[in-house]
Structures are given as C-alpha cells and as structure tokens.
Amino acid sequence: MAADGSMVVPETGDSSGKVGSLRRFTRRRSTIAFLMTTPLLIVIGGLVAYPAMYAIYLSTLNRRMTQNIGLGNFEILLDTETFWMVIWQSCIFAVTAVLAKALIGFWLAHKLHDIPTKGQRKWRGMLLVPWVIPPALSTLGWWWMFDPSYSSINYLLNIFAVPSVPWLGEANWARVSVIMVNVWYGAPFFMIMYLAALKSVPEQLYEAAAIDGATGVQRLRYVTLPMMRNIISITVLFSLIVTFANYDIVRVLTNGGPRDLTHVFATYAFQVGILSGNVPRGAAVSLFMFPLLAIFAFFVLRGVTKRTKEEQ
Amino acid sequence: MASNGISRRAALGAGVAGVAASALPLVNVHAQGTAGTLRCGFWDHWVPAGNGAMRELCAEWGEKNRVNVQVDFITSVGNQNLLTIAAQAQARSGHDILAFPTWEPAAHAELLEPVDDVVNRLIGKYGPINSAAEFLGKRDGHWRGIPTVSGSQQKVSCARFDLMQEHAGLDIRAMWPAADVRGPGADNWNWATFLTAAQKCHAAGFPFGLPMGSFTDAVDWLGALFTSYNAKFIDADGKVTVKTDPGVRAGLEYMIQLSKYLPDDVWAWDDASNNRALISGRSALIFNPPSAWAVAKRDSPDVAEKCWYMPMPSGPAGRFTPYLPYFWGIWSFSRNKTAAKGLLEFLSERSSAEKQTTISSGYDIPPFATMSDFPIWKTEGPPVGVVYNYPIKPHHNATQSVAFAPAPAEIAVQAYNQAINTKLVARVAKGGETIDQALDWAARELRNFARG
C-alpha cells in the first residue's frame with residue numbers, strides 16, 4: 001500500500017503513461033470504495049433524495065399545481081384550526097407513545113436479562129410477536145376489540161358489571177386507544193435493543209459497584225444508564241421519527257376521528273393530499289415536522305458521536 | 001468487403017430485405033384490421049360477478065371492433081384507486097381508460113379527454129343525465145368523464161318494515177309499494193315524520209343506524225338532509241355562506257334533535273358499521289345501497305326478508321337522494337382515444353347497462369332516468385320488490401344530490417372528504433360548542449379550502 005492510499009502496482013515496461021495513470025486511478029482505494037458504494041448511492045438518490053426533493057417542490061405549488069406559491073401552503077396550514085390540532089395531537093401521540101415504549105421496553109429488557117439464558121429465548125420470542133406482525137393486520141385485530149358496537153373488551157368489562165367504554169367514539173378514549181396500540185406494537189423493539197445493550201455492559205462494573213456498596217438504584221443510575229446512553233438516544237430518536245410518521249394505526253382505528261381529534265401528520269396529509277385532491281398542501285403537511293426532527297436528530301447524533309469519541 | 005465475398009450493394013440489399021421481412025407480420029396484422037390495444041382500469045366491484053360482466057362486455061366489443069382490450073380491476077379498498085389515479089396523473093402514463101370516483105374527474109379535468117361527443121350521442125338516445133352527475137363530470141362546459149353504470153350507487157332508506165310498523169306505526173310497504181304509485185302516508189314521509197319514528201324506534205331499542213363519522217355514508221346522507229333544507233355551505237361562486245345561510249342553521253338544529261335518538265357510538269362508525277347494525281337486527285333503518293340487504297340475505301336471511309327500500313325523507317326544499325357516481329375517463333395521454341370512446345359508448349348503452357345492473361343485483365345505478373325500469377329491481381327478493389324503490393322513479397319526486405354542491409368542485413371535494421358537515425353537527429352535539437361557534441369553525445375551514 002502506498003502512502004497516498006493507492007495499491008502498489010508493479011510497473012510494466014511496455015505500458016504507456018496514460019494507461020498507467022488510468023490503472024493507478026482505478027486501483028486507488030477511494031475509487032474502489034466509490035464504485036462499491038455507487039449502487040447504494042443510486043438507491044438512496046432514487047428512493048430517498050429524489051422523492052424528498054420532489055415532495056419539497058410539490059409543497060411549493062398551488063392546489064392546481066400550475067404555479068409556485070413558495071411557502072404559501074405552510075402559511076395556509078398555520079391559519080387552519082384543524083392543522084394546529086394535528087400538530088398538538090401528533091406531539092402528544094409521539095412523545096407519550098415513545099416514552100411509554102421506552103419505559104416498558106427498559107423494564108422488559110431488565111426482566112429478560114435476569115432470566116437465565118436457557119429460558120430466555122422463548123420469552124424473547126413471545127415478547128417480539130407484536131413487533132413482527134404487520135401493523136395494519138394487528139391493528140385490525142385491535143379495531144375489532146375496540147369496535148364501537150361489538151367491542152370484545154367491553155363484553156368482558158360488562159361481565160364484571162363495568163360499563164362499556166367508548167374506545168373510539170370519545171376523543172380522549174380514542175387517543176388513549178391509538179397510543180396504546182402503538183405502544184403494544186413498538187415496545188418489543190425497545191426491549192430487544194435495550195437487552196442487547198444490557199448484555200454488553202461489563203459485569204466487572206457491577207462487581208465494582210457492589211464492592212463500593214452501591215444500591216440497586218445507584219447501580220442503575222451510575223452504571224447501567226451511562227453505559228446505555230447511546231443506545232437509548234438512538235432508539236428514542238429512531239422511534240420518535242417513526243412514530244411521528246405513523247399512519248396505519250390511526251387510519252385503521254379512527255381515521256382521524258372523532259372530530260379530527262386523533263389525526264396525526266400522516267393521516268391528515270393523506271386526507272388533504274390524496275382524498276381531497278390537494279397534493280401540494282398534503283405534501284406541506286407531511287413535511288411540516290421535517291425541520292424540527294432534523295434539528296433534534298442533529299443534536300442527538302452529535303451527542304452520540306461526542307460520547308463515543310470520549311470513550312475511545 | 002471484397003475479402004469475404006460480399007459486395008457493399010449485396011449487403012445493403014440483404015439489409016433492406018431483412019427489414020422488410022421483419023416488418024411484414026406487423027403489416028399483415030394491420031391489414032387484418034386490428035385497431036391496437038386498449039388498456040382499461042375499471043373499479044373492482046363489491047359484487048364479484050360485477051367484474052365478470054365488465055370483462056364479457058369488453059371482450060364482446062373488442063371482438064367486434066378487433067381491438068385487444070386489456071382489463072384491470074382496481075380496488076377502492078384502502079383508496080387504491082385514488083392512489084393509482086394520482087400516480088398515473090403524475091407520471092402521464094398508464095391506462096387509456098380509468099374509472100374515476102365521484103370527485104376525481106373535476107380534480108384531473110385538465111388531463112382528461114373531453115367526451116362531449118359520446119355523452120351527447122348517449123343523451124340523444126336515452127334522455128338527460130341527472131344533474132348531480134353533470135355537476136361532477138362537466139368542467140368548463142365539457143364532459144370530462146362519462147357517468148358509469150358499474151359502481152355508481154345511491155343511498156336510500158333501507159328499513160325493517162316489521163319494526164317500523166310495530167314501533168313507529170308506519171307501514172312502509174304500503175307507503176312505497178313495489179309499483180309506480182305512492183301509497184297512503186307517502187306524502188308525509190318527511191324529516192319531521194322521520195324524527196318521530198327515530199324517537200320511537202330508539203325508545204324501543206332499535207335506533208336508526210345513521211353514521212356520523214367521516215366516511216362517505218355519513219357525509220352523503222347528511223349532505224342530502226342539508227340539501228333538503230336548501231342549505232348551501234358554499235355558493236356556486238366559491239363564496240363561503242355557511243354562517244349566514246338559514247338552511248344550514250335549520251338543518252343543524254334538526255340534526256341536534258335527531259342525534260339524541262341515534263346510538264351513542266355513531267360518531268365513530270365507518271361505512272360498514274351501519275350495515276352491521278341492520279344485519280345484526282339492532283337497527284330499524286339505515287341509509288344504504290342494496291349491498292346491505294344483499295349481505296343480510298347471505299348472513300342473516302331472517303333480517304333480509306323483513307327489509308324494504310324506500311326513498312329518503314323530504315325536507316322543505318324537496319326530496320334529495322345521495323348519489324355517488326363513478327366516471328369513465330380517458331387520459332389525454334392515451335394512445336388509443338378513438339377506440340376508448342367507442343368502448344365507453346358501448347358500455348353505456350341500455351343493453352350493457354342492464355347487464356351490469358342485473359349482475360350486481362340492482363346495486364349499479366345508470367345515470368339516465370329512462371333506465372330506472374330494469375326488471376331486476378322488480379324481481380329481486382325476498383321480499384320480492386325489496387329494491388324496487390332503490391332507483392329514483394318519477395313518483396318519488398326526488399332529485400339526486402351530492403354533498404356540498406353547488407360549490408366549485410375543487411373546494412367541495414375538500415369539504416366532502418374532510419366531512420365538514422358531520423363534524424359541524426358533532427361539534428355541537430358532542431363537543432359542547434354553540435351553533436354559532438361551530439358555524440364559525442366551519443366558515444374558517446371552508447375559506448382555507450378555497451385558498452392556495
């Protein structure tokens with residue numbers, strides 16, 4: 001390997017200078033790296049960058065898509081009461097659901113970690129089931145359980161003389177139902193990530209803490225949490241983005257109702273863009289959280305990188 | 001060239017002969033009169049046999065006209081058809097003919113081939129097309145789609161005649177018999193009578209199953225109610241009138257009364273919930289096409305044989321029937337427009353329309369009033385004649401309507417799909433707002449629909 005990063009190629013006496021430099025170019029490490037990542041770059045460019053740019057372009061058009069109105073769609077949205085409700089609801093939905101998923105996942109991971117390895121696998125498998133079922137399908141199951149007229153949960157409640165709950169018909173219950181299904185679906189992801197993180201915490205740290213007389217809470221605070229900080233940040237970030245973009249659960253359970261009180265960005269964007277034929281405004285709805293999430297992601301990832309460097 | 005024994009002239013000659021030989025089969029096919037391929041994307045019918053009828057009709061026409069007709073059926077489940085339309089409109093590529101749901105011809109008018117010639121020939125043969133279809137299918141004076149038979153539906157009253165007789169004292173089969181006459185009491189079939197009947201059936205434990213969510217069944221029936229009070233949320237010029245229109249206020253006040261006698265959960269109902277309420281025997285009346293009865297016939301025959309279809313109640317401005325048509329449209333980028341027009345004209349003719357309606361057990365409604373006499377509506381049962389009053393007959397004295405008409409289509413479609421009318425009622429009846437507060441909210445929303 002040469003100092004400039006190229007691979008050493010034995011010179012052949014009869015090759016011209018041009019051919020030699022081309023060969024050197026193709027054998028440079030950076031060239032090979034570029035060529036090997038080209039398929040991925042094409043995929044990202046075609047399936048991520050292009051659609052994102054196109055969505056931004058769409059959001060600047062008027063309803064008939066004949067004229068550029070700049071940020072006009074965002075201005076109109078901010079002047080719409082329903083859209084403010086959507087912002088508020090999306091934040092409640094995403095923050096509450098992610099917190100609940102993180103806490104439940106953390107607790108489940110600890111419980112699993114305490115089970116001897118032999119019996120751990122079956123529990124891990126069972127707890128992962130909600131996460132591996134396609135959400136549209138499992139949400140349909142939940143919808144049957146919450147069905148306004150024939151709810152099986154209400155049937156069980158009635159057996160114990162508890163009055164029926166309007167799971168999807170009353171705003172607060174509908175919000176609770178939507179968050180509950182999202183937590184049910186997403187908690188196993190947190191569990192498996194935290195379990196992996198827990199397994200990587202060196203046992204010596206706990207032993208040292210025990211020698212120092214640390215309590216369980218102190219061990220959690222001064223050993224477990226600092227060691228899991230990066231994985232917690234990344235899972236929370238990832239889940240927050242995915243939960244903000246959630247569509248299927250709200251679409252299947254409530255379709256945004258009652259009175260738009262469970263709409264989130266994705267369902268509202270679909271209603272405005274596709275169903276109501278206003279594609280540019282729909283694009284503006286779906287892009288609304290993009291800058292905020294991008295800033296959030298920037299700070300979280302910067303923190304992760306900083307901590308990783310410190311650990312090295 | 002000389003070195004391998006073939007001269008330049010010989011090579012050229014061989015090349016020309018090769019090209020001619022390869023083109024020969026194409027020429028021959030054209031000489032036989034094939035007019036190319038026509039790609040159609042029709043609506044995937046609820047009734048499985050409905051697709052078969054379309055396929056047969058297309059094959060029959062294709063054979064006669066030597067056109068290779070390729071048919072795809074696109075489901076409306078999960079709004080797959082809307083996504084397909086949006087994608088093809090963006091890509092300027094796809095089928096030649098597509099089935100467009102209610103509001104889509106107006107939304108894509110600029111990309112749709114005018115079909116005035118076909119529609120005018122059909123009108124010449126079968127009389128005028130109903131005004132609701134004209135409102136939706138015509139743009140700037142030109143028809144952008146042909147109102148279909150397949151998939152077009154109306155929502156009329158589907159009631160349990162036994163429960164209505166027992167609890168509300170209304171003999172609905174006598175009021176609206178399976179004949180072209182009005183029976184005793186038909187003249188009083190209005191929203192006031194309806195409210196009394198709703199109250200009595202609710203007290204008896206069989207409330208009317210009227211959805212109040214954001215799905216089409218809810219928006220449609222409520223739209224017809226508001227129209228029968230002469231309510232205009234937005235006028236034809238796009239001016240928001242919801243706050244000042246006396247019809248809106250009157251309709252809203254009526255609905256606040258009626259909502260007291262509906263099941264508690266109607267605010268979360270989807271398009272299937274009302275069907276289930278009827279089929280399970282829990283409801284005395286719903287507004288629906290004959291699909292509700294057809295499913296009851298299969299799953300709950302005891303209920304089905306006690307069902308009877310009749311017109312919507314009338315209001316101060318008349319009797320209005322919610323109408324939800326499909327349109328067949330031809331993309332302006334289609335490569336076979338002439339053949340597409342020929343096929344669509346054939347599919348709209350009386351014999352084709354009757355085939356589609358008969359196979360769908362009377363579900364499909366043709367756009368021409370002169371086609372409301374197909375035998376299927378008389379013979380279908382049990383009870384025989386159950387759907388006789390499903391299509392609008394002259395003695396019904398009814399008009400087809402679309403919620404939020406006569407607002408300009410690009411504003412009306414947003415109000416329709418965002419269910420402004422049901423939410424307006426819900427805000428007062430369930431949200432604790434005053435009528436004025438709710439009307440203020442509706443006015444603000446509607447104004448924003450017109451912007452941008």
Side-chain angles (χ1 to χ4, degrees), chain A residues 54 58 61-67 69 72-83 136 143 146-151 154 164 166-171 173-174 177 248 251-263 268 270-282 284, chain B residues 78-79 82-83 85-86 89-90 101 103-104 106-110 209 211-215 218 263-270 272-274 276-277 280 282-283 409-420 422-427 430-431 433 440-441 444-445 447-452:
Chain A
Y54 191 60
L58 280 177
L61 300 179
N62 67 344
R63 191 177 55 231
R64 289 178 156 273
M65 299 165 74
T66 52
Q67 201 186 328
I69 55 167
N73 281 314
F74 293 95
E75 192 190 325
I76 295 167
L77 282 174
L78 290 174
D79 199 24
T80 309
E81 200 177 313
T82 306
F83 185 66
W143 185 80
F146 289 142
D147 184 286
S149 309
Y150 311 99
S151 162
N154 280 345
S164 295
W167 294 107
L168 306 175
E170 202 273 318
W173 278 115
S177 306
D248 32 22
R251 178 73 177 85
V252 173
L253 280 188
T254 64
N255 195 34
R259 307 192 304 281
D260 293 327
L261 290 166
T262 56
H263 259 311
Y268 190 63
F270 187 75
Q271 190 179 68
V272 171
I274 301 294
L275 297 180
S276 305
N278 198 337
V279 175
R281 204 170 298 172
Chain B
N79 301 114
L82 293 181
L83 292 167
I85 292 167
Q90 286 290 304
W103 298 96
E104 295 300 298
H108 298 286
E110 283 139 20
M212 288 298 295
S214 56
F215 288 88
D264 290 338
D265 48 10
V266 289
W267 313 95
W269 278 17
D270 63 10
S273 304
N274 48 352
R276 281 199 296 271
S280 64
R282 292 167 72 154
S283 187
E410 64 271 22
I411 304 173
V413 62
Q414 298 180 71
Y416 181 95
N417 282 304
Q418 297 188 41
I420 294 296
T422 62
K423 286 173 195 165
L424 177 68
V425 177
R427 280 182 169 253
K430 297 296 282 183
E433 290 185 14
D440 274 343
W441 165 82
R444 285 195 300 272
E445 291 287 310
R447 248 180 245 121
N448 279 339
F449 292 157
R451 292 171 64 191

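Hydrogens, waters and symmetry mates play no part in the numbers below; they use all other heavy atoms, side chains included. Just so we're on the same page: letters track the sequence lines, and every chain starts at 1.
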Taking side chain as everything from C-beta outward and backbone as N, CA, C, O, which of these in [X] sits under 4.5 Å from a heavy atom of chain A? Side chain, backbone, both or neither.
X: Arg451(B); result: both
X: Asn79(B); result: side chain
X: Ala426(B); result: both
X: Ala272(B); result: neither
X: Asp270(B); result: side chain
X: Glu445(B); result: side chain
X: Arg282(B); result: side chain

* Relative to chain B, which segment of Tyr268(A) carries a heavy atom at a distance below 4.5 Å: side chain, backbone, both, or neither? -> side chain
* Asked: Side-chain contact, heavy-atom cut-off 4.5 Å: Phe449(B) with Ser276(A)?
  -> no
* Just checking heavy atoms, which of residues 254-261 of chain A are less than 4.5 Å from chain B? -> Asn255(A), Pro258(A), Arg259(A), Asp260(A)
* **Test item: side-chain donor near acceptor, Asn154(A) and Trp167(A), under 3.5 Å** => yes
* Are Phe215(B) and Trp269(B) an aromatic pair by the rule of ring centers under 6.0 Å? -> no
* Salt bridge flag under 4.0 Å for residues Arg64(A) and Glu110(B) -> yes
* To do: Considering only heavy atoms and a distance below 4.5 Å, find which of Thr80(A), Asn62(A), Leu61(A) pairs most often with chain B.
  => Thr80(A)
